[in-house]
Amino acid sequence: MTEPARQTARELLGTGTLEPLDADVIAVKIGDRIVDLHTPISAEPSELSVIRRDSPEALEVIRHSTAHVMADAVQRLFPGTQVTIGPAIQSGFYYDFDRPDGPFTDKDLQRIEKEMRRIMNAKRPFVREVVSREAAIELFRSMGETYKVELIEGFAADAEISLYRHASPGRQEGSWFDLCSGPHVPSTADLGVVKLTSVAGAYWRGDETRPMLQRIYGTAFRTQEELDRYLEQQEEAKRRDHRKLGKELELFWFHEYAPAMPFFLPRGASVYRRLVDYIRSLYVRYGYEEVITPQIFDKRLFETSGHLQNYRENMYLPVTAETLDEIAQQEPSCSHPALENLSQKPMNCPSHCLIFGQRRRSYRELPWRIADFGRLHRYERGGSLHGLARVRSFCQDDAHIFCTPEQIHEEMRSFNELLFEVYRAFEFKDVRVKLALRPEKRLGTEAMWDAAEQALEAVLKESGTPYELLPGEGAFYGPKLEFHVTDALGRDWQLGTVQVDYALPERFGLEYVDAQGQANRPVMLHRAILGSVERFLGVYIEHCSGKFPMWLAPEQISLLTVSERQAPFAAELAQKLRDAGVRVLVDDSSDKLGAKIRNGRNLRLPYLAVIGDQEVEQQSVALRSGEGDLGSVSVADLIERLVAEGRPPVAGAPSASGAAAGARS
RNA sequence: GCCACCUUAGCUCAGUCGGUAGAGCAACGGUUUCGUAAACCGUAGGUCUCCGGUUCAAGUCCGGAAGGUGGCUCCA
């Protein structure tokens with residue numbers, strides 16, 4: 001900060017070497033960094049690009065400044081409330097407060113919003129000020145802002161500490177200020193429209209051992225039209241919500257007697273089964289075998305695997321009546337060890353280790369890929385449950401690959417190919433890859449973790465896949481590659497995963513005999529493509545808005561009669577279609593045609609076929625799809641068409657997405 | 001788990017100041033036999049999530065529980 005060349009962007013822009021400063025300029029960009037007009041920088045004017053109020057980057061700055069105005073309003077209305085942090089986020093902004101009087105109500109939000117408008121209407125400038133570390137700590141301490149003091153104390157020794165002030169009506173110029181690195185708009189006049197959306201508790205620094213703060217979420221846009229468009233998008237997201245569609249389309253259901261454990265109704269079970277069958281069909285090509293394993297195990301299994309030591313809080317520990325009686329006899333106040341004699345499995349890997357160890361294994365058997373669609377139970381905390389996306393009872397398209405260390409690379413490559421073939425088939429385009437590294441609670445040596453993490457990273461680098469690192473997020477037995485997609489509401493969910501594991505084979509003492517007759521330890525890869533079938537279905541329902549493609553739809557077509565006279569023809573045609581393997585409904589109710597079409601459309605059926613006297617006469621149907629009227633189609637053509645379109649992506653002739661991988665196996 | 005909010009018919013939702021339960025859709029019965037997004041008439045459907053409290057009286061007010069919804073670092 002002693003560098004003499006430093007000037008603010010406002011000064012640089014004023015020199016005439018760039019575009020002249022006008023009222024629409026709210027910040028500049030240097031490379032990827034957004035810098036406001038208040039902050040001194042050492043840069044040449046040529047390195048700057050101007051951010052105007054209508055540039056996409058401006059929104060972030062506007063929202064951050066709006067968060068400041070909100071904090072100002074809150075402290076005016078609720079004296080004694082401490083401010084903490086308030087960043088701009090993807091869809092708006094939030095600010096966390098410590099309010100001694102407890103949470104904010106919806107009424108409070110309205111008052112705050114009103115106060116914010118008053119402050120914004122005053123149209124006063126933002127001002128940046130640099131202070132020394134000592135002065136900053138002294139300042140915030142004297143104000144009783146203990147969170148800010150804690151923040152400053154955590155900064156690097158050489159960090160520049162800045163305050164941002166803006167004026168609010170009835171106060172001295174610049175009297176409200178906040179510790180902040182910016183960037184901020186030049187003036188409150190540059191802000192747009194604001195809407196406070198919700199309140200929520202949030203732990204200080206996301207740490208549940210720290211105080212619970214009150215978070216207020218809001219969003220801000222340049223214009224009312226933009227805000228309205230955003231609100232409309234939110235409405236659309238709600239219409240696609242899989243929990244809503246699950247109910248409307250009678251796909252699945254929950255009952256409080258089995259919290260977070262879905263019941264799949266006939267229509268949902270139909271889709272579910274087809275999903276699993278599709279994965280099974282791929283396993284044939286990719287060289288997997290399927291096993292079926294028990295549900296409940298003696299606790300010794302999970303002691304061996306380490307689950308009881310590392311995963312206990314997520315496990316269901318079933319108790320039999322007999323066990324309960326024993327407990328009652330031995331220990332009236334109930335003892336834990338007895339309760340843990342049996343465990344519901346939370347993962348399939350331990351039983352697969354048992355199977356591997358069932359007999360002597362040869363190197364000729366490796367890589368050995370065993371798949372399992374067993375039902376798993378995991379106790380998830382109440383607050384994290386969400387429709388089908390996070391449940392306590394589910395099944396994965398799970399498989400474990402036992403192989404030699406040399407085979408890891410090829411197995412990873414082949415899995416990657418399989419996974420993207422599947423994601424392409426479901427038309428998931430924005431898949432994000434994350435590499436989760438060793439967690440605090442873990443098995444195995446550092447050398448094992450080094451090797452495993454490197455193996456995963458190598459495949460990513462080789463294929464040129466962009467990825468993000470997640471330190472500390474790996475499974476307790478190995479690092480993970482995670483494949484993430486976004487739901488209709490913008491939430492991020494992990495679907496597929498692949499994990500390299502040296503630890504479990506070690507704990508189970510697994511061995512294979514190599515070509516020299518020596519015993520060797522295999523490596524184990526844990527992998528899933530859909531991840532949990534439940535979650536996948538939930539995310540996919542939102543992805544396709546409940547309009548399942550032909551091969552997944554519970555019913556592929558509904559035959560709609562115009563009047564009673566066509567009922568025999570419809571019944572006859574339905575039977576022909578069923579004989580050809582088509583899933584068909586008949587609507588020969590006394591509803592009028594318009595109502596039948598409406599009902600069929602609301603069910604998101606791929607096809608509707610209208611049958612009136614004319615169609616009976618011509619042995620045809622008047623076909624329509626989600627897109628609209630497709631005209632008259634003969635019975636023979638209809639059957640052919642539905643059968644062809646109803647095939648899953650890889651069952652018969654390879655589709656565009658299946659062709660590349662079809663060469664393998 | 002923690003913070004806030006929600007829970008009334010199968011679904012979506014009304015229910016005023018505390019005075020004893022309503023609509024639409026769906027279901028069922030009947031009438032209608034109809035040509036591209038909702039025909040008409042009628043019937044039935046309720047432990048107002050559960051437990052407790054206040055009150056002459058509770059869907060409504062208070063406390064607790066269960067289930068659900070949003071959120072719990074995208075770091076000043």
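Reminder, nothing fancy here: chain letters follow the sequence lines and each chain counts from 1.
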Taking atom [atom1] in both [N] and [M], compute the distance separating them and give it to the nearest angstrom.
| N | M | atom1 | answer |
| --- | --- | --- | --- |
| rG18(B) | rC3(B) | C1' | 30 Å |
| rU60(B) | rG52(B) | P | 14 Å |
| rC48(B) | rA23(B) | C1' | 16 Å |
| rG22(B) | rC62(B) | P | 25 Å |
| rG53(B) | rG59(B) | P | 15 Å |
| rC56(B) | rC17(B) | P | 22 Å |
| rG19(B) | rA38(B) | P | 40 Å |
| rA66(B) | rG10(B) | P | 24 Å |

Could you state the atom-to-atom distance from [atom1] of [X] to [atom2] of [N] in whole Å?
| X | N | atom1 | atom2 | value |
| --- | --- | --- | --- | --- |
| L196(A) | rA4(B) | CG | P | 19 Å |
| L265(A) | rG10(B) | CG | P | 15 Å |
| N599(A) | rA37(B) | CG | P | 12 Å |
| D591(A) | rA38(B) | CG | P | 11 Å |
| E250(A) | rC11(B) | CD | C1' | 9 Å |
| L603(A) | rA26(B) | CG | C1' | 12 Å |
| R205(A) | rC3(B) | CZ | P | 22 Å |
| I85(A) | rG71(B) | CD1 | C1' | 14 Å |

Is the shortest side-chain N/O distance from [X] to OP1 or OP2 of [N] below 4.0 Å?
| X | N | result |
| --- | --- | --- |
| H386(A) | rG70(B) | yes |
| R601(A) | rU36(B) | no |
| R215(A) | rC72(B) | yes |
| K247(A) | rU12(B) | yes |
| Y95(A) | rG71(B) | no |
| R243(A) | rU69(B) | yes |
| R390(A) | rG68(B) | no |

Across the strands shown, which category fits [X] at heavy-atom distances under 4.0 angstrom: base, sugar-phosphate, nothing?
| X | result |
| --- | --- |
| E468(A) | nothing |
| A260(A) | sugar-phosphate |
| P103(A) | sugar-phosphate |
| G626(A) | nothing |
| E248(A) | nothing |
| D613(A) | base |
| E564(A) | base |
| D178(A) | nothing |
| K596(A) | nothing |
| G594(A) | sugar-phosphate |

Tell me the partner of [N], counting only Watson-Crick (N1-N3 plus N6-O4 or O6-N4) or G-U wobble (N1-O2 and O6-N3) with both under 3.5 Å; none if nothing fits.
| N | result |
| --- | --- |
| rG19(B) | rC56(B) |
| rU43(B) | rA27(B) |
| rC5(B) | rG68(B) |
| rG63(B) | rC51(B) |
| rG35(B) | none |

Considering only side-chain heavy atoms of [X], which listed nucleotide, [options], is closest?
| X | options | result |
| --- | --- | --- |
| Y203(A) | rU69(B), rC72(B), rA4(B) | rC72(B) |
| A200(A) | rA37(B), rG70(B), rG35(B) | rG70(B) |
| L385(A) | rA4(B), rA37(B), rG68(B) | rG68(B) |
| A622(A) | rC74(B), rG35(B), rC3(B) | rG35(B) |
| Y217(A) | rC72(B), rG67(B), rC3(B) | rC72(B) |
| Y379(A) | rG71(B), rC34(B), rG1(B) | rG1(B) |
| L593(A) | rG35(B), rA37(B), rG67(B) | rG35(B) |
| K592(A) | rA39(B), rC74(B), rG67(B) | rA39(B) |
| I597(A) | rU36(B), rU33(B), rC34(B) | rU36(B) |

Is any side-chain N of the basic residue among [X] and [Y] closer than 4.0 Å to the acidic one's carboxylate O?
| X | Y | answer |
| --- | --- | --- |
| R390(A) | E534(A) | no |
| E208(A) | R381(A) | yes |
| K480(A) | E473(A) | no |
| E235(A) | K238(A) | yes |

By nearest nucleotide on RNA chain B, pick out whichever of D106(A) and V610(A) is the more 5' one.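 The residue mapped nearer the 5' terminus is D106(A).
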
Of E380(A) and G206(A), whose closest RNA chain B nucleotide lies nearer the 5' terminus?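 In this pair, the answer is E380(A).
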
Can you tell me if [X] and [Y] form a side-chain donor-acceptor pair at under 3.5 Å?
| X | Y | answer |
| --- | --- | --- |
| H184(A) | D36(A) | no |
| R432(A) | T486(A) | yes |
| E645(A) | Y607(A) | yes |

Assess the residue pair D96(A) and Y203(A) against the criterion (side-chain hydrogen bond (donor to acceptor under 3.5 Å, both in side chains)); give the C-alpha distance rounded to whole Å, side-chain angles, the decisive distance to 0.1 Å, and a yes or no. CA-CA 9 Å; D96(A) 285 347; Y203(A) 297 105; over 6 Å; no

So, K29(A) side chain and V35(A) main chain: donor-acceptor pair closer than 3.5 Å or not?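 Flag not set: sc K29(A) to bb V35(A) has no pair under 3.5 Å.
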
Is any N or O donor-acceptor pair between the side chain of R624(A) and the base of rU36(B) shorter than 3.5 Å?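 Per atom types, the contact qualifies.
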
Is E313(A) side chain donor-acceptor paired with the rG1(B) base, going by distance under 3.5 Å alone?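 No, the side chain and the base share no sub-3.5 Å donor-acceptor pair.
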
Below 30° counts as parallel, above 60° as perpendicular, anything between as tilted: where do the rings of F104(A) and F78(A) land?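 Perpendicular, since the angle between the ring planes exceeds 60°.
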
